[in-house]
Amino acid sequence: RSSDLFAPDSSTTPVPVPTVHLDVLSQFEIPGRRISYKQTGNGHVNDTFVSTWTSCGETRKYIHQRVKAAPPGSDRDGPARDMSRICRILETLKSRLGEGQDLGFDEVLEYLPTREGGYLAMDSQGNLWRTSRFIEGADSRLAISPAHIEALAFAIGNFTRAASELDQGEFQPSQSQLPLNFNRQAQGLLRCLKPRTLEMFFNRIEGGRPALPPIPRDLHPRIAEAGTTTYLVGAHVSWLIKAVKAWKALPQRIIHGDPKPDNAVFATERPRVKCILDLDNCRSASILYDFGDMARANISNYKDQDFDPG
């Protein structure tokens, strides 16, 4: 869980600072003197640490993450370009917040540049690291309520709206990103849309494209009986293929790519997003990927085999 990075210090374990880590820390523009360095929770990335620094009487914390390396045979500069894209989004969001716009969240992640430029440092073993400011005033261990989910949906929607001013051509999926799972998003839509509504949605694609065949009327009962979307993928492969083509024809937006409570930290005093995390899957795609994934992950706390699509 990315939000575990911002758990209180009681969840961290003090560790000696390895020489290789000292080299990484020295590559970032961190002001002051380091007074602590601890390992903390890690999510999709590997090896995450939190450090505390003091400067001019003020104390600040920073998060240090070892990021995924470029897959074998892929572009070695991919991770650096991905970080550059993330920072362009963050700069846009920060600008909107500075103008007084209510985006549904209070601050954005701030990655520190290295002394040589860029946002990634390489250690002596060839691993890439990034450093961001610690988000203060939030607790990742809060119990998530429906009000928190509503607040997250509002924040993600405004995130996409604010990012729409960026050039989508620069945000095509990269080789280091996880592929979007259509079946996951379809499951999310099926949880909250009736068969006729879903059929009308796909049949009203802009541009007069051919309508999809009717969704089988027994689709929902079969899914409820099977407990998963296996029936959708198995018995209706032809419908799913046409649905995917229609889905890809939808207008593209810059989306978060992995919206869920684990990828946000919330304010402690009220159900409001403090900061959106984990922008590693941001890309140009249909906003309905985010909508479907949020529905799948957030609108219920029951297991797949228990859900009743009716």
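Quick note: residue numbers are just sequence positions, from 1.
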Less than 4.5 Å apart, side chain to side chain, heavy atoms only: is that true for Arg34 and Leu22?
yes
Check Arg88, Arg81, Arg85 against Glu170 for a side chain to side chain donor-acceptor pair (under 3.5 Å) and give me the one that passes.
Arg88
Measure up the Phe266 and His148 rings against each other and bin them: parallel (under 30°), tilted (30 to 60°), perpendicular (over 60°).
perpendicular
How long is the span from the OH atom in Tyr62 to the OG atom in Ser132, to the nearest 0.5 Å?
10.5 Å
Does the side chain of Leu109 reach to within under 4.5 Å of the side chain of Cys275, using non-hydrogen atoms?
yes
Show the nearest heavy-atom pair for residues Ala151 and Pro271, with the distance to one decimal.
CB-O, 3.3 Å
Does the side chain of Ile89 reach to within under 4.5 Å of the side chain of Leu279, using non-hydrogen atoms?
yes
Would you please say whether a donor-acceptor pair under 3.5 Å links the side chains of Ser51 and Trp53?
yes
Side-chain donor/acceptor of His256 to backbone N/O of Leu277, under 3.5 Å
yes
Heavy-atom check, side chain of Met122 versus side chain of Asn127, under 4.5 Å:
no
Is there a side-chain contact (heavy atoms from CB on, under 4.5 Å) between Ser84 and Tyr119 once you walk through the steps?
CA-CA 8 Å; Ser84 179; Tyr119 295 92; 5.9 Å; no
Thr92 and Ala162 have their tightest heavy-atom pair at CG2-O, 3.5 Å
Would you mind reporting whether Leu152 and Phe105 have side-chain heavy atoms less than 4.5 Å apart?
no
If you look at every heavy atom in Ile149 and Pro261, which pair is closest and at what distance?
CD1-CG, 3.6 Å
Interatomic distance, CD@Gln65 vs CG@Asp278, rounded to 0.5 Å, equals 8.5 Å
Between Asp106 and Arg272, is any pair of side-chain heavy atoms under 4.5 Å apart?
yes
Determine whether a donor-acceptor pair (N or O, by modelled atom type, separation under 3.5 Å) exists between the side chain of Asn158 and the backbone of Phe154.
yes
I need the minimum non-hydrogen distance between Glu29 and Pro31, along with the two atoms involved.
O-CD, 3.5 Å
Before giving the answer on side-chain contact (heavy atoms from CB on, under 4.5 Å), spell out for Leu112 and Ile30 the whole-Å C-alpha distance, their side-chain angles and the decisive distance to 0.1 Å.
CA-CA 8 Å; Leu112 273 62; Ile30 306 177; 3.7 Å; yes
Step by step, work out the side-chain contact (heavy atoms from CB on, under 4.5 Å) result for Thr114 and Leu120.
CA-CA 7 Å; Thr114 65; Leu120 292 176; 5.8 Å; no
Rounded to the nearest 0.5 Å, what's the gap from CZ on Arg96 to CD on Glu91? Could you check?
11.5 Å
Other residues, nucleotides and ligands only: do more than 12 of their heavy atoms fall within 6.0 Å of CD on Glu58?
no
Treating Asn263 as the side-chain partner and Asp258 as the backbone partner, does any N or O pair qualify as donor plus acceptor under 3.5 Å?
yes
What are the two closest heavy atoms between Gly32 and Ser55, and how far apart are they?
CA-CB, 3.6 Å
Look at the aromatic rings of His64 and Tyr37 and report parallel, tilted or perpendicular, splitting at 30° and 60°.
tilted
Distance-only side-chain donor-acceptor flag, Arg115 / Gln27, under 3.5 Å
no
For the residue pair Leu90 and Tyr111, establish whether any side-chain heavy-atom pair is separated by less than 4.5 Å.
yes
Might you work through the side-chain contact (heavy atoms from CB on, under 4.5 Å) test for Glu99 and Ser95, ending with a clear yes or no?
CA-CA 6 Å; Glu99 295 170 356; Ser95 177; 3.8 Å; yes
In this structure, CD1 of Ile255 is separated from OG1 of Thr160 (nearest 0.5 Å) by 7.5 Å
Step by step, work out the salt bridge (charged side-chain N to carboxylate O under 4.0 Å, His left out) result for Arg130 and Asp82.
CA-CA 12 Å; Arg130 64 188 178 190; Asp82 289 345; over 6 Å; no
So which of Gln168, Arg161, Arg283, Glu165 actually passes side-chain contact (heavy atoms from CB on, under 4.5 Å) with Ile254?
Gln168
Within this structure, what is the CG-CZ distance for the pair Leu25 and Phe49, rounded to the nearest 0.5 Å?
10.0 Å
Going hydrophobic residue to hydrophobic residue with side-chain gaps under 4.5 angstrom, can you get from Val24 over to Val17?
yes
Main-chain N/O of Gly257 paired with Asp290 side-chain donor or acceptor, under 3.5 Å:
yes
Close side-chain approach of Phe159 and Leu103, heavy atoms under 4.5 Å:
no
